[in-house]
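Starting from 1, each residue takes its place in the sequence as its number. No hydrogens, no waters, no symmetry mates; every other heavy atom, side chains included, goes into these values.
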Amino acid sequence: MDAFYHPDQADPNRFESTELTRGPWSPDAQHAGPPSALLAHVLERCEPRAGFRIGRLAVEILGPVPIAPLTAETQVVRSGRNVELLTATLSSERGPVLSARAWRLRTAAPELDLPTEVLPSGAHPGPETVTERTPFPSDQAVGFHTGIDYRFVSGSFRDPGPAVCWIRLRYPIVAGTAPSPLERALAAADSGNGVSSVLDWDRYLFINTDLTVTLHREPAGEWVCLDAATYPERTGIGLAESRLYDEKGPLGRSTQTLYLAPR
């Protein structure tokens, strides 16, 4: 396996899923990170416009994503001079499994003359400062956890509470292509609820129904950092929120709505 997905040579909108997409909840279902990144992949190729960049991408997870061929459909539903709205859907043979809406915005050229004090700032120790690899809570030999590098600055998968974790793709999302900054951000951001889990993995489910990523800056380099926290409620609905960074500083935010239940 050299990628999370292989493009179908006969149909450019069809992608073969590999075992690297497997998630921790079921051996037959994908982690939502790879298909979310695949949505980013196809949306960036939907009627691209020079000088525009996707600033927000919201993914709705419509059901378990099988480790099977997926077909992508994209559309520009609202075009404009400065902003436009795009949609995308991923479907298996059973029907739609993920959908997304993305805002694509014109970038300023030349860049705006903004005071330094209003610009986002802050940093975390870089991934090179962490040497110990925290075990991933999965009994599967191959899956998303083997397709990424992850390094915790604080916390771990098994230590409940907020965590800071760097994540890097070890393979491209789509074979034959280099992961874009947006793809890397989507693939990493979906792990917010996992790295900052506050409930026992063996006793509870905490599955996200969606993922919304807003980037005020395009990621630079291979690593994306999640400064993540999870907020559960006894109603069975929770929220995971991550502040996103790269080695240059802040990038944006991601949120996930969580379904909580005993196993």
Side-chain angles (χ1 to χ4, degrees), residues 4 20 23-24 31-34 36-37 40 53 55-57 111 114-138 143-173 178-201 206 208 211-232 238-256 258:
F4 293 90
L20 290 173
H31 188 287
S36 295
R53 180 178 69 79
R56 191 210 71 169
L57 201 162
E111 292 188 345
L114 301 180
T116 302
E117 60 269 21
V118 305
L119 298 176
S121 61
H124 286 292
E128 75 284 350
T129 65
V130 184
T131 57
E132 183 178 356
R133 181 179 172 91
T134 303
F136 189 88
S138 174
F144 183 62
H145 60 291
T146 64
I148 60 173
D149 286 327
Y150 51 90
R151 301 180 186 178
F152 280 89
V153 174
S154 64
S156 75
F157 289 114
R158 288 296 186 180
D159 293 330
V164 176
C165 181
W166 290 93
I167 295 177
R168 173 176 65 178
L169 292 172
R170 300 181 63 196
Y171 304 93
I173 295 298
S180 71
L182 185 64
E183 289 175 47
R184 292 196 299 269
L186 266 290
D190 188 71
S191 294
N193 63 320
V195 303
S196 68
S197 60
V198 294
L199 300 175
D200 189 327
W201 288 73
F206 40 95
N208 57 303
L211 170 66
T212 299
V213 174
T214 303
L215 298 176
H216 54 78
R217 178 171 64 80
E218 194 170 62
E222 296 183 340
W223 291 94
V224 174
C225 180
L226 310 184
D227 185 341
T230 293
Y231 308 97
L239 167 69
E241 181 180 26
S242 300
R243 291 179 290 175
L244 305 179
Y245 294 79
D246 62 14
E247 294 180 84
K248 290 185 175 182
L251 297 173
R253 299 282 179 119
S254 65
T255 60
Q256 300 164 286
L258 304 181

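- One finds the OG atom of Ser154 at 7.0 Å from the CG atom of Asp227 (value rounded to the nearest 0.5 Å).
- Using a 4.5 Å cut-off on side-chain heavy atoms (C-beta onward), Pro250 and His216 make contact.
- A donor-acceptor distance shorter than 3.5 angstrom exists from the side chain of Arg217 to the backbone of Gly249, with no hydrogens or angles considered.
- Considering every non-hydrogen atom in both Val213 and Ser254, the closest pair reads CG2-CB, 3.9 Å.
- Closest of all the heavy-atom pairs between Ala178 and Glu183 is O-OE2, 4.5 Å.
- A 4.5 Å side-chain heavy-atom check between Leu20 and Arg170 finds every atom pair outside the cut-off.
- Annotation for Ala32 and Asp190: closest pair CB-OD2, 3.3 Å, computed over non-hydrogen atoms.
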*What do the steps show when you test Asp149 against Trp223 for side chain to side chain contact (heavy atoms under 4.5 Å, CB included), and what is the final call?*
CA-CA 9 Å; Asp149 286 327; Trp223 291 94; 3.8 Å; yes
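- Between Val198 and Pro232, the closest heavy-atom pair is CG2-CG, 3.5 Å.
- Checked against side chain to side chain donor-acceptor pair (under 3.5 Å), His145 has no partners two or more places apart in sequence or in another chain.
- For Ser191 (side chain) and Gly194 (main-chain N/O), no donor-acceptor pair under 3.5 Å exists by modelled atom type.
- Side-chain atoms of Arg184 come within 3.5 Å of backbone N or O of Pro179 as a donor-acceptor pair.
- Among all heavy-atom pairs drawn from Cys225 and Val164, the shortest one is SG-CG1, 3.5 Å.
- To the nearest 0.5 Å, the span separating NE2 on His124 from SG on Cys165 amounts to 11.5 Å.
- Ring pair Phe206/Trp201: centre-to-centre distance below 6.0 Å.
- Here Glu222 pairs with Arg168 under the salt bridge (charged side-chain N to carboxylate O under 4.0 Å, His left out) rule; sequence neighbours left out.
- With hydrogens and angles disregarded, no donor-acceptor distance shorter than 3.5 Å links the side chain of Arg56 to the backbone of Thr212.
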_Let's go through Val195 and Phe157 carefully: what are the C-alpha distance in whole Å and the side-chain angles of both, what is the deciding distance for side chain to side chain contact (heavy atoms under 4.5 Å, CB included) to 0.1 Å, and is it a yes or a no?_
CA-CA 5 Å; Val195 303; Phe157 289 114; 3.8 Å; yes
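- Side-chain contact between Leu226 and Leu244 is present, with heavy atoms from C-beta onward closer than 4.5 Å.
- Applying the side chain to side chain donor-acceptor pair (under 3.5 Å) rule to Arg253 yields the partners Glu241; only residues at least two apart in sequence or on another chain are considered.
- Using a 4.5 Å heavy-atom threshold, the side chains of Leu215 and Arg53 count as touching.
- Between Ala123 and Tyr245, the shortest heavy-atom distance links the atoms N-CE2, 4.3 Å.
- For CD of Glu111, the number of neighbouring non-hydrogen atoms (other residues, nucleotides, ligands) closer than 6.0 Å is 12 at most.
- Between the side chain of Asn193 and the backbone N or O of Ala240, no donor-acceptor pair lies under 3.5 Å.
- Using the six-membered ring where Trp is involved, Tyr171 and Phe4 have ring planes that are perpendicular, over 60° apart on the 30 and 60° scheme.
- By the salt bridge (charged side-chain N to carboxylate O under 4.0 Å, His left out) test, Arg158 pairs with Asp202, sequence neighbours left out.
- Between the CG atom of Leu251 and the OG1 atom of Thr214 there is a distance of 12.0 Å, given to the nearest 0.5 Å.
- Arg151 contributes a side-chain N or O that, together with a main-chain N or O of Pro127, makes up a donor-acceptor pair within less than 3.5 Å.
- Remark: Pro162 engages Ala229 in a side-chain contact (heavy atoms from CB on, under 4.5 Å) (not counting sequence neighbours).
- Leu258 is listed as a side-chain neighbour of Gln256, based on a closest heavy-atom distance under 4.5 Å.
- Remark: Ser196 engages Thr230 in a side chain to side chain donor-acceptor pair (under 3.5 Å) (not counting sequence neighbours).
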